[in-house]
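Just so it is clear, the values below take in all heavy atoms, side chains as well, and ignore hydrogens, waters and symmetry mates. Chain identifiers are assigned alphabetically (A, B, ...) following the order of the sequence lines, protein sequences preceding nucleic acid strands; residue numbering begins at 1 within each chain.
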Amino acid sequence: MPELPEVETVRRALASEVCGKRVTSVRGESVALRRPLEVEALAAILPGRRFLEPRRRGKFLLLDTAPTGSLLVHLGMSGVVQIVPAAAPLRAHTHVILELDDGRELRFVDPRRFGMAVWLEPGDEADDSSLGALGMEPLDPRLSQTLPPLIRNRRAPIKSLILDQHLIAGIGNIYAAEALWRAGIHPRRAGNRISVARLATLATTIQEVLTEAIAEGGTTLRDFATPDGNSGYFAVSLQVYGRQGEPCQRCGATIRGEAIGGRTTAWCPRCQR
DNA sequence: CCAGTATCCTGCAGGC
DNA sequence: TGCCTGCAGGATACTG
């Protein structure tokens, strides 16, 4: 479900809703998520801690607390963080519930269980296997300089390369397709067959599409919602993602769709080369 | 090291 | 209507 703009939308909502709140208790059921969810361990650590301003790294959320430590959250494909009154009905696949001192609860819901919620001690963050391997933040102003050399010596399709979180952290299937359409680059084009100038253009379109999507609160296709239950509105701005068979908004050609690297990909066969 | 594929899991849309 | 198949916003283990 969530890519950088959706995760950033969640981060901002949590910044205003749970910043300063204290955890009073933890309940749930340990299940096999991407990393095992250990409710008992969280119940031993979190009560009494206060949430600080949350951070985002790529598609990861870091819910920092005082005393120092962080709950590392990834939403996977179907993860949702809810902030709801304690009396709110329980959604299916709610795995862990943090009761807060304002009468509300922070709930982690994840039907497909590709997400995670694990505790990080202050020292754990630097050498965490996921966080440590992440590439640059795509909104970094130096992206147009740093991206080309990472791509120019690779033969894989550019679409697969910009989805690789070790190179750039935060782009997913929707925004990869959108950024490539804006840049006029064919998603199957090999990285080493794209000029530095065109890669700099791609860096710019990546930043534009992510920034616009954040401003719209992300993209809601099926079930993405902010912690207070709202939808994102960027779906109406999508130019190619999910538009296979429809006309390109730029040139009128029919948008194509095929799997690249196992992920469905849409592009315009006329204006993407 | 790199590129490509399989896999984890549930829900839901579409075809028959 | 019900059953079956395939696909879904992701990350990673594995294969050649």
**Item:** A:Tyr233 and A:Thr219: side chain donor to acceptor below 3.5 Å
**Value:** no
**Asked** Which nucleotide in the list C:dG10, C:dT12, C:dA8 gets nearest to the side chain of A:Ser130?
**Response** C:dT12
**Asked** Looking at C:dG10, C:dC7, B:dC2, which one has an atom nearest to any side-chain atom of A:Arg154?
**Response** B:dC2
**Request:** Name the nucleic acid region contacted by A:Pro157, choosing base, sugar-phosphate or nothing; use a 4.0 angstrom heavy-atom cut-off, strictly under.
**Result:** sugar-phosphate
**Asked** Is it true that A:Leu143 and A:Ile171 fall in one hydrophobic cluster, defined by side-chain heavy atoms closer than 4.5 Å?
**Response** yes
**Request:** For nucleotides C:dC7 and B:dT5, find the distance between their P atoms and express it as a whole number of Å.
**Result:** 15 Å
**Asked** NA contact type, A:Gly262, heavy-atom cut-off 4.0 Å: base, sugar-phosphate, or nothing?
**Response** nothing
**Message:** Can you measure A:Gln165 atom CD to C:dG10 atom P for me and round it to whole angstrom units?
**Reply:** 8 Å
**Asked** Among the nucleotides C:dG9, B:dT10, C:dG10, which one has an atom lying closest to any side-chain atom of A:Ile174?
**Response** C:dG9
**Item:** Short side-chain N/O contact from A:His93 to OP1 or OP2 of B:dG11, under 4.0 Å
**Value:** yes
**Prompt:** Roughly how many Å is it from NZ in A:Lys159 to P in B:dA3, rounded to a whole number?
**Reply:** 16 Å
**Prompt:** Is A:Tyr175 touching bases, backbone alone, or none of the nucleic acid, heavy atoms closer than 4.0 Å?
**Reply:** nothing
**Item:** Under-4.0 Å side-chain N/O to phosphate OP1/OP2 contact, A:His74 with C:dA11
**Value:** yes
**Complete:** DNA chain B nearest-nucleotide lookup for A:Ser160 and A:Ala32: closer to the 5′ end is A:Ser160
**Prompt:** Do the numbers put A:Arg243 on top of the ring of A:Trp181, so that NZ or CZ is under 6.0 Å from the six-membered ring centre and no more than 45° off the axis?
**Reply:** no
**Message:** Heavy atoms from C-beta onward define the side chain here; which of B:dT10, B:dA3, C:dG10 lies closest to that of A:Lys59?
**Reply:** C:dG10
**Message:** Only pairs with both distances under 3.5 Å count, Watson-Crick or wobble alike; so what is the partner of B:dA3 in this structure?
**Reply:** C:dT15
**Salt-bridge present (A:Glu212, A:Arg182; N to O < 4.0 Å)** = yes
**Message:** Quick one, A:Ser130 with A:Arg35, criterion side-chain hydrogen bond (donor to acceptor under 3.5 Å, both in side chains). Give me CA distance, side-chain angles, the key distance, then yes/no.
**Reply:** CA-CA 11 Å; A:Ser130 301; A:Arg35 291 191 208 172; 2.8 Å; yes
**Asked** Tell me: NE2 of A:His95 to P of B:dC9, nearest whole Å?
**Response** 12 Å
**Prompt:** Over how many whole Å does the gap from A:Glu258 atom CD to C:dC7 atom P extend?
**Reply:** 13 Å
**Message:** Quick check for you: among B:dG11, C:dT12, C:dG9, whose closest atom lies nearest to any side-chain atom of A:Arg34?
**Reply:** C:dT12
**Message:** From CD1 of A:Ile151 over to C1' of B:dA3, roughly how many Å is that when rounded to an integer?
**Reply:** 14 Å
**C:dC3: pairing nucleotide in any strand, Watson-Crick or G-U under 3.5 angstrom** = B:dG15
**Item:** Name of the residue among A:Arg142, A:Arg55, A:Arg57 meeting salt bridge (Lys or Arg N to Asp or Glu O under 4.0 Å) with A:Glu137
**Value:** A:Arg57
**Asked** Whole Å only: how far is the CD1 atom of A:Ile158 from the C1' atom of B:dA3?
**Response** 14 Å
**Fill in**
Of the candidates B:dC9, C:dG9, B:dG4, the side chain of A:Phe114 sits closest to B:dC9
**Request:** Measure distances between side-chain N and O atoms of A:Arg112 and base N and O atoms of B:dC9, and say whether any donor-acceptor pair falls under 3.5 Å.
**Result:** yes
**Request:** Give the rounded distance in Å between these two atoms: CG of A:Leu238 and C1' of C:dG9.
**Result:** 11 Å
**Asked** Mind checking the C1' distance from C:dT12 to B:dG11? Whole angstroms is fine.
**Response** 23 Å
**Prompt:** Between B:dC2 atom P and A:Leu150 atom CG, what is the distance in whole Å?
**Reply:** 11 Å
**Request:** Kindly say whether, by distance alone, the side chain of A:Arg155 makes a donor-acceptor pair under 3.5 Å with the base of B:dA3?
**Result:** no
